[in-house]
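Just below is one structure, and these are the notes that go with it.
Residue numbers count from 1 along this sequence. The figures here come from the full heavy-atom set of this structure, side chains too, leaving out hydrogens, waters and symmetry mates.
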Amino acid sequence: MPGVLGRPRGLLRLAARAPIWLYRLHAGWLLGDRFLMLEHIGRRSARRRWVVLEVVKHDPASDSYFVVSAWGVKADWLQNLRRTPEAVLRVGRRVLEVRGEEIGIDEAAAAINDYSRRYPLAFRELARLFLGEALAPGGASSRRLAERMPVVVLRPC
């Protein structure tokens with residue numbers, strides 16, 4: 001189910017896509033390791049597509065990155081990964097070939113809960129923006145978000 005805003009349009013879409021230009025100008029490192037750019041293949045066009053996503057969790061042991069589809073199951077990048085899970089991500093100055101996979105609710109809730117502890121203000125604002133609700137960081141709220149917003153793990157190939 002998409003968030004309250006639905007899919008981004010107009011100025012919101014432009015703002016959401018602006019960070020792509022930082023990566024294309026080799027300045028993605030300015031966003032640190034909290035954001036990544038995902039290069040994926042369009043499911044209809046078979047052309048390369050790009051999206052910048054916030055990192056919910058990074059597992060250093062496996063070098064896996066967890067991201068949330070804030071726009072729900074209809075997000076183009078998510079649908080594209082479902083068709084062709086192989087992708088390339090750029091985070092900081094790193095470039096990794098990855099394979100995307102949606103994870104189950106329990107693992108997704110744990111990843112979102114970890115994010116809510118590290119960034120409680122951002123968690124509250126994102127829940128308000130995308131769900132239209134004021135949710136306090138923590139277990140039940142994290143699970144609620146995980147039930148509405150798919151979480152994808154991007155694992156190195």
Side-chain angles (χ1 to χ4, degrees), residues 1-25 27-40 49-81 87-96 98 100-156:
M1 168 184 303
V4 168
L5 294 176
R7 292 173 70 182
R9 298 194 191 303
L11 289 177
L12 183 57
R13 179 175 166 77
L14 183 64
R17 299 193 53 78
I20 291 171
W21 290 102
L22 283 176
Y23 284 95
R24 286 185 176 172
L25 295 170
W29 57 269
L30 290 171
L31 298 175
D33 59 2
R34 192 163 167 190
F35 294 90
L36 62 79
M37 183 171 74
L38 185 67
E39 180 181 322
H40 51 94
R49 302 290 183 210
W50 299 268
V51 64
V52 173
L53 303 164
E54 186 172 12
V55 175
V56 173
K57 177 182 174 185
H58 175 238
D59 177 15
S62 65
D63 207 15
S64 297
Y65 290 85
F66 294 74
V67 294
V68 173
S69 179
W71 306 109
V73 296
K74 296 205 182 234
D76 287 326
W77 71 267
L78 179 60
Q79 290 184 36
N80 292 342
L81 275 185
V88 175
L89 72 76
R90 288 170 175 72
V91 61
R93 289 188 161 104
R94 300 180 65 211
V95 178
L96 293 170
V98 295
E101 173 188 339
E102 287 181 67
I103 58 177
I105 297 293
D106 291 338
E107 190 178 3
I112 292 172
N113 193 48
D114 181 56
Y115 175 87
S116 79
R117 283 194 314 270
R118 286 181 290 123
Y119 306 109
L121 181 59
F123 176 86
R124 283 187 190 100
E125 289 303 311
L126 290 172
R128 184 186 59 74
L129 181 65
F130 291 108
L131 299 180
E133 301 176 41
L135 298 178
S141 296
S142 297
R143 184 165 192 86
R144 187 159 180 179
L145 246 65
E147 290 169 347
R148 306 245 332 250
M149 298 178 175
V151 177
V152 172
V153 61
L154 302 165
R155 293 186 175 101

Which pair of non-hydrogen atoms, one from [X] and one from [Y], has the smallest distance, and what is that distance?
{"X": "Phe35", "Y": "Tyr23", "value": "O-OH, 3.2 Å"}
{"X": "Gly72", "Y": "Leu78", "value": "O-CD2, 3.7 Å"}
{"X": "Ala87", "Y": "Leu81", "value": "CB-CD2, 4.0 Å"}
{"X": "Leu135", "Y": "Ser141", "value": "CB-OG, 3.7 Å"}
{"X": "Ile105", "Y": "Ala146", "value": "CD1-O, 3.4 Å"}
{"X": "Asn113", "Y": "Gly139", "value": "OD1-N, 3.3 Å"}

4.5 Å side-chain heavy-atom contact, [X] and [Y]:
{"X": "Asp114", "Y": "Phe66", "value": "no"}
{"X": "Arg148", "Y": "Leu131", "value": "yes"}
{"X": "Val56", "Y": "Tyr65", "value": "no"}

Salt bridge (Lys or Arg N to Asp or Glu O under 4.0 Å) between Arg94 and Asp63: does it pass, once the steps are laid out?
CA-CA 11 Å; Arg94 300 180 65 211; Asp63 207 15; 2.5 Å; yes

Calculate, to the nearest 0.5 Å, the distance between atoms [atom1] and [atom2] belonging to [X] and [Y] respectively.
{"X": "Phe123", "Y": "Ile112", "atom1": "CZ", "atom2": "CD1", "answer": "7.5 Å"}
{"X": "Arg34", "Y": "Glu54", "atom1": "CZ", "atom2": "CD", "answer": "4.5 Å"}
{"X": "Ser69", "Y": "Met149", "atom1": "OG", "atom2": "CE", "answer": "8.5 Å"}
{"X": "Met37", "Y": "Leu89", "atom1": "CE", "atom2": "CG", "answer": "9.5 Å"}
{"X": "Arg124", "Y": "Leu126", "atom1": "CZ", "atom2": "CG", "answer": "12.0 Å"}
{"X": "Leu154", "Y": "His58", "atom1": "CG", "atom2": "NE2", "answer": "10.5 Å"}

Passing candidate, side-chain contact (heavy atoms from CB on, under 4.5 Å) with Val88, options Val98, Val95, Leu38
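Among Val98, Val95, Leu38, the one that satisfies the side-chain contact (heavy atoms from CB on, under 4.5 Å) with Val88 is Val95.
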
Would you check, one step at a time, whether the test side-chain contact (heavy atoms from CB on, under 4.5 Å) holds for Glu133 with Arg128?
CA-CA 5 Å; Glu133 301 176 41; Arg128 184 186 59 74; over 6 Å; no

Examine Arg24 relative to Trp50 and say whether NZ or CZ is less than 6.0 Å from the centre of the six-membered ring and inside a 45° cone about the ring axis.
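Because its charged atom sits under 6.0 Å from the ring centre and within 45° of the axis, Arg24 does stack over Trp50.
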
Mind running salt bridge (Lys or Arg N to Asp or Glu O under 4.0 Å) on Arg155 and Glu101 for me, showing each step along the way?
CA-CA 8 Å; Arg155 293 186 175 101; Glu101 173 188 339; 3.0 Å; yes

Apply the test side-chain contact (heavy atoms from CB on, under 4.5 Å) to residues Leu31 and Leu22: give CA-CA distance (whole Å), side-chain angles for both, the deciding distance (0.1 Å), then the verdict.
CA-CA 9 Å; Leu31 298 175; Leu22 283 176; 4.0 Å; yes

Centroid-to-centroid, Tyr115 to Tyr119, below 6.0 Å?
yes

Give the intermediate values and the outcome of side-chain contact (heavy atoms from CB on, under 4.5 Å) for residues Arg90 and Glu39.
CA-CA 8 Å; Arg90 288 170 175 72; Glu39 180 181 322; 3.3 Å; yes

